[in-house]
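See structure below.
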Amino acid sequence: MINTDCRLPFDDIINWKEHCLIIEKHEIGIVVEKIKEFHNGLTDTQFELLQQRNRLLWQDYFTKESYFVHYAKIIQEQCLTDRDDKKNKK
């Protein structure tokens with residue numbers, strides 16, 4: 001993934017650096033080398049674990065059902081925080 005300073009989904013919950021290779025914009029010219037370096041730095045077992053963790057990540061956060069469950073929780077927490085902030089201002 002190329003870092004374009006965008007905010008990734010659930011970035012307050014998910015440490016994206018544990019799930020994918022993030023390449024900085026200034027490294028675009030060496031993207032192939034960075035990908036090779038990343039993959040060469042993993043054993044077969046580590047690569048399989050990464051794939052398994054990413055599959056779980058997808059199941060837990062990005063299937064249609066799980067995405068909206070997590071999103072609803074975030075909205076609910078924000079509403080409660082906003083309500084509490086309003087109460088505290090009185």
Does one hydrophobic cluster hold both [X] and [Y], with members joined at side-chain heavy-atom distances below 4.5 Å?
X	Y	result
I13	W58	yes
L50	Y61	no
M1	I28	no
I75	F10	yes
L42	V31	yes

Rounded to the nearest 0.5 Å, what separation is found between the [atom1] atom of [X] and the [atom2] atom of [Y]?
X	Y	atom1	atom2	value
L49	N54	CG	CG	11.0 Å
L8	K17	CG	NZ	11.0 Å
I74	C79	CD1	SG	12.0 Å
I30	I35	CD1	CD1	11.0 Å
I22	E27	CD1	CD	11.0 Å

Where is the tightest heavy-atom contact between [X] and [Y], given as atom of each residue plus distance?
X	Y	value
P9	I14	O-CD1, 4.1 Å
K25	I2	CG-CG2, 4.4 Å
F62	L57	CD1-O, 3.8 Å
N3	E24	ND2-OE1, 2.9 Å
Q59	S66	O-OG, 3.1 Å
D60	H70	O-NE2, 2.9 Å

Original post:
Once the angle between the rings of Y67 and Y71 is folded into 0 to 90°, is it parallel (under 30°), tilted (30 to 60°) or perpendicular (over 60°)?
Top reply: parallel

**OP:** Would you indicate whether D44, at its atom CG, is surrounded by more than 12 heavy atoms from other residues, nucleotides or ligands within a distance under 6.0 Å?
**Re:** no

**OP:** Test N40 against E37 for side chain to side chain contact (heavy atoms under 4.5 Å, CB included), laying out the working first.
**Re:** CA-CA 5 Å; N40 289 336; E37 178 183 306; 5.9 Å; no

